[in-house]
Structure formats: C-alpha cells, structure tokens
Chemist: 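Take a look at this one; I'll ask things after.
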Amino acid sequence: MDEQHRAVTVPFLDLKRASHELDEELRVAVSRVVRSGRYVLGAEVETFEEAFASYVGTRHCVSVGNGLDALTLSLEAMGIGGGDEVIVPANTYIATWLAVTRTGAVPVAVEPDPASYNIGPRAAEAAISPRTAGILPVHLYGQPADMTAICELAQRHGLAVLEDAAQAHGARWEGRRAGSFGRAAAWSFYPTKNLGALGDAGAVTTDDDDLAERLRALRNYGSRVKYRHDMRGANSRLDEIQAAVLTVKLSVLDEWNSRRCRIAGLYDTALSGTDVDLPVVAAHAEPAWHIYAVRSVRRDALQAHLSMRGIETQVHYPIAPYQQGAYRDGGYVGGPFPISDMLHNQFLSLPIGPQVTEDEVEQVRAAILEFRGSGTPGASEDSVHAGDSTTSSG
Ligand SMILES: *Cc1c(COP(=O)(O)O)cnc(C)c1O
C-alpha cells in the first residue's frame, strides 16, 4: 500500500466526531431556522452576537462572513488604508497579511519571539515608522500574545491594535480573554477553529461604540438605512443557520477547550525526553490549544514516519507569507526572517481536538519514540531552543 492509501488511524482533526456529539442540538437549531423564514442577519444572529460579546467580555460583537472579512473590515472601520503601514507577524496564516493589503495599507512584518512564536513587542517597536497606523498581533496556535506589552507600546505611539484572534477562542492573557485587549479583535469561525461553524463565518469584537456601528454598516453594503449607502461597504453578513449553530457550539466551548488542554498536558508528559521540542506556555497565558505544534529538525522525516503509522499531522504553515507567490513582487516591508524561516522548517502539528482520545495520544507517543530509535541523532541538537535569549526579539 503506498503512503496516500495507508489507513488513517489517528486523524488530525475529526469534525464528524464533533458534529456527532452535538447531533441533536444542531438538528434542533437548524430546523428552527428553516421554519423561521428568516435566513440572514435575524434573531439568531443577534442572539449569537450578544452571547459571544459577553463570552469575550466586550460591549459589542459584529458578525461577518468570515475571518478575512473580520480583519479587513476592522482595519477599514479604523480608517486604515492607502499610505498606512500595519505591523504584522512574519509567521502567520496569510489572511493576516492579505487583510492589510486589501485595505491598501502595507504589511510590515516582524520576527516572532522564539519562545512563544508570537510577535515580540521589542521587534514590533523597532518596526514603527512615521507611517505606522496599527499593530496586528496574532494569537498563533491559540497561545495569547503578550497583550500587556503590545497595548502599552501602541498607546505610547498612538497606534491602533487589532487582534487576530482566529485561533484563540477562549484563550486568556493575565486572566482576561484574548479578543478583549485591542481596539478590536477579528474572529474566524471556520469549521476547524475552536469555535467552528458548519461553513464560513466570522466576527469582530470591540468596546468601541462608533467602530461597531461602522462595522454594522460596512458588512451590509455600507448601509445604515435600507437602500441608502453612506460607505462603500461589502456583503459580509452572517446567516441564521451558522449563527444558530455557533450558539450551540459556544455553549460547549469552555468544556471542549478544557479537553484540548488535557490532551496538550498528556502530550507534554508523553513527549518530554523525546527528540522533539514542545510548546512553551508563557507565564500569564492560558492557551486555547487550537494547535499543538512540536518542533523537529527532522520534521519531514518525522511526519512521513507518523504517516506510515496512520497518524495524520499537519504543518502550520509550510510556506511563510513572504515566500508566497502573492507577495513575490514585494508589497510588504521587512526581512530577512531567519527565526521565522527556521520555525517554518521545524513545526509539526500533532492531532489535537476535543474528541482526541488518550489511546490516540499513546499511539502518537509510541510512534515518536520509535522514530527516535530509528538511528539518527537527536533532532533538537541544532534547533534554537524555546526561550533562547540570543535570538529573542521581544
Ligand atoms: C483561519 C484564520 C484566519 C482567516 O479566517 P477565515 O474565516 O478562513 O477567513 C485569519 N487569521 C488566522 C490566524 C487564521 O487562523
């Protein structure tokens, strides 16, 4: 049997298991919408927006069509566009950069802190220019960025902060929810996220009344009153089915996150003393464990080995934004990015999710131990260890 056809015994993330667990609640929610006759921006959307704002701890939640629109429309609502620069992490999903580019502003990329993998406040400060309008930290893998330092920096320089919280539903920094620190936070409810819809969905949370009001217009053709268009808005509305589904899933988010946290703890124990470098949780951080990424200098060989054992893994992300065709002609500021390059070459995401079992963790552990026994030297010998101060950027 060739590799592609080898049976998967430990899936990376099994969304069928998640939906199965909520089968009855989801059916009730969906058929309630079907019978209601209202399908876009109705009562279900309002209910979800209120519940999510209260969960995050902000005054407002404005739902939109997806995470990219949440980012783009937030920047637009803040008045960021042509001639502006926005500081972004070099290592993130490309959506963070594309949102800045779509407004006409320029992404200014900075190296991550090698311990947290998140944007380092010192590196961000060094990237500030007279054109800088905002900072866009990403809570990568569900590990909250150092929002205390970032907000302090932004305040000192008069910059807006937009959190990319697409991977951080439920994470906390100094006891406060991710998504409640910046002027606004952008969320994605793509099905694989910790809070995932059964399709595309997104939202912005904010305490800023004016910003929320502008976002409500921007998501609906720039319209505040039917058929009057004060702004060049988008069509990025949440539909009632996704809102009803999200309300159901929000009710189990904390419990499902604590299961993820337990799986992360099992991995920490099972894999300590192996060749792979484990994630480091910063003091004051409570991660949402969206992704459990280990690091190995023999990443590709390790991934192939796990695949042979039926264990599905992923790489987040195989190609950095600055190496994508989309930015081949430039369009960003910054670089070279040796830390980000190294991380992109070493990251491997292990299966994690609310429905992962202890037995599956055990299979992963056994396969990683077996890989170490396969005769090659220690994988972490040449790697930059988490917390290595020689490369610290923040
Ligand atoms: C998923 C994700 C997005 C984009 O969300 P979509 O809903 O897919 O548009 C943005 N930023 C990060 C960090 C993400 O993980």
Side-chain angles (χ1 to χ4, degrees), residues 12-13 15 48 52 61-76 86-103 107 109-110 112 116-119 134-145 147 150 161-171 178-179 181-182 184-205 215 218-219 234-239 242-243 245-246 249 257 260 287-293 314-322 324 326-327 340 343-344 347 349 352-353:
F12 179 72
L13 177 67
L15 291 177
F48 172 69
F52 195 63
C61 166
V62 181
S63 59
V64 294
N66 55 66
L68 177 60
D69 284 352
L71 288 163
T72 311
L73 298 176
S74 293
L75 293 168
E76 278 178 20
V86 178
I87 294 171
V88 297
N91 59 316
T92 178
Y93 182 55
I94 197 168
T96 318
W97 286 42
L98 286 177
V100 176
T101 299
R102 274 177 58 192
T103 66
V110 301
S116 70
Y117 312 141
N118 279 322
I119 198 165
I135 308 181
L136 213 176
V138 178
H139 307 299
L140 194 70
Y141 304 157
Q143 304 265 2
M147 292 313 295
I150 290 166
V161 175
L162 171 62
E163 295 171 68
D164 183 337
Q167 303 188 357
H169 316 77
F181 289 89
W187 302 88
S188 166
F189 307 119
Y190 185 74
T192 59
K193 310 291 185 184
N194 287 36
L195 178 57
L198 300 181
D200 276 311
V204 181
T205 50
L215 281 161
L218 281 172
R219 73 173 170 186
N235 174 1
S236 189
R237 302 173 293 219
L238 188 63
D239 69 70
Q242 298 310 337
V245 164
L246 286 167
K249 296 191 90 175
N257 274 350
R260 285 176 180 271
W289 293 111
H290 174 59
I291 283 167
Y292 188 92
Q314 287 191 15
V315 173
H316 297 93
Y317 295 91
I319 305 170
Y322 50 86
Q324 298 283 0
Y327 289 100
S340 176
L343 295 176
H344 277 87
F347 275 138
S349 306
I352 192 164

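Counting starts at 1 for both ligands and their atoms, in listed order. Worth saying up front: this structure is predicted, and the values here are computed from it rather than measured.
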Chemist: Which residue and non-hydrogen atom of the protein lie closest to atom 4 (C) of ligand 1, and at what distance in Å?
Modeler: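 It is Ala95 CB, 3.8 Å.
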Chemist: Hey, does Tyr190 come in under 3.5 Å of ligand 1, counting only N/O atoms on both sides?
Modeler: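 Between Tyr190 and ligand 1, no N or O pair is found under 3.5 Å apart.
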Chemist: Side chain or backbone, does Ala166 bring an N or O within less than 3.5 Å of an N or O on ligand 1?
Modeler: no
Chemist: Can His139 be said to touch ligand 1, with heavy atoms closer than 4.0 Å?
Modeler: no
Chemist: Minimum heavy-atom separation for Trp97 and Val88, please, with both atom names.
Modeler: NE1-CG2, 3.5 Å
Chemist: Taking only residues two or more places apart in sequence or in another chain, which ones pass salt bridge (Lys or Arg N to Asp or Glu O under 4.0 Å) with Arg237?
Modeler: none
Chemist: Atom CG in Leu162, atom CD1 in Ile135: separation rounded to 0.5 Å?
Modeler: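 Nearest 0.5 Å value for the CG-CD1 distance: 11.0 Å.
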Chemist: What protein heavy atom lies closest to atom 8 (O) of ligand 1? Include the residue and the distance to one decimal.
Modeler: Ser188 OG, 4.0 Å
Chemist: Identify the closest protein heavy atom to atom 14 (C) of ligand 1: which residue and atom is it, and at what distance?
Modeler: Lys193 NZ, 3.1 Å
Chemist: List the closest protein heavy-atom neighbour of atom 9 (O) of ligand 1: residue, atom name, distance to the nearest 0.1 Å.
Modeler: Leu68 N, 2.9 Å
Chemist: Please list the nearest protein heavy atom to atom 11 (N) of ligand 1 with its residue and the distance rounded to 0.1 Å.
Modeler: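 Sorting protein heavy atoms by distance from atom 11 (N) of ligand 1 puts Asp164 OD2, 2.8 Å first.
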Chemist: To the nearest 0.5 angstrom, please state how far the CG atom of Leu140 sits from the CD1 atom of Ile119.
Modeler: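 Answer for the CG-CD1 pair, Leu140 versus Ile119, is 11.0 Å.
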Chemist: Considering non-hydrogen atoms only, spot the tightest contact between Ala171 and Gly142 and give its length.
Modeler: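 Answer, listing the atom of Ala171 first, then Gly142: CB-O, 3.6 Å.
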Chemist: What heavy-atom pair brings Asn118 and Gln143 nearest, and what distance separates the two atoms?
Modeler: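 That closest heavy-atom pairing would be ND2-O, 2.8 Å.
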Chemist: Testing the basics here: between Ile94 and Gln324, what is the closest heavy-atom pair and its distance to 0.1 Å?
Modeler: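 Heavy atoms only, the tightest pair is CD1-CG, 3.8 Å.
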Chemist: Which of the atoms of ligand 1 are close to Val138, meaning less than 4.0 Å from one of its heavy atoms?
Modeler: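 Heavy-atom distances to Val138 below 4.0 Å select 13 (C).
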Chemist: Between Thr92 and ligand 1, does any nitrogen or oxygen pair lie at a separation below 3.5 Å?
Modeler: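 Not met; the criterion fails.
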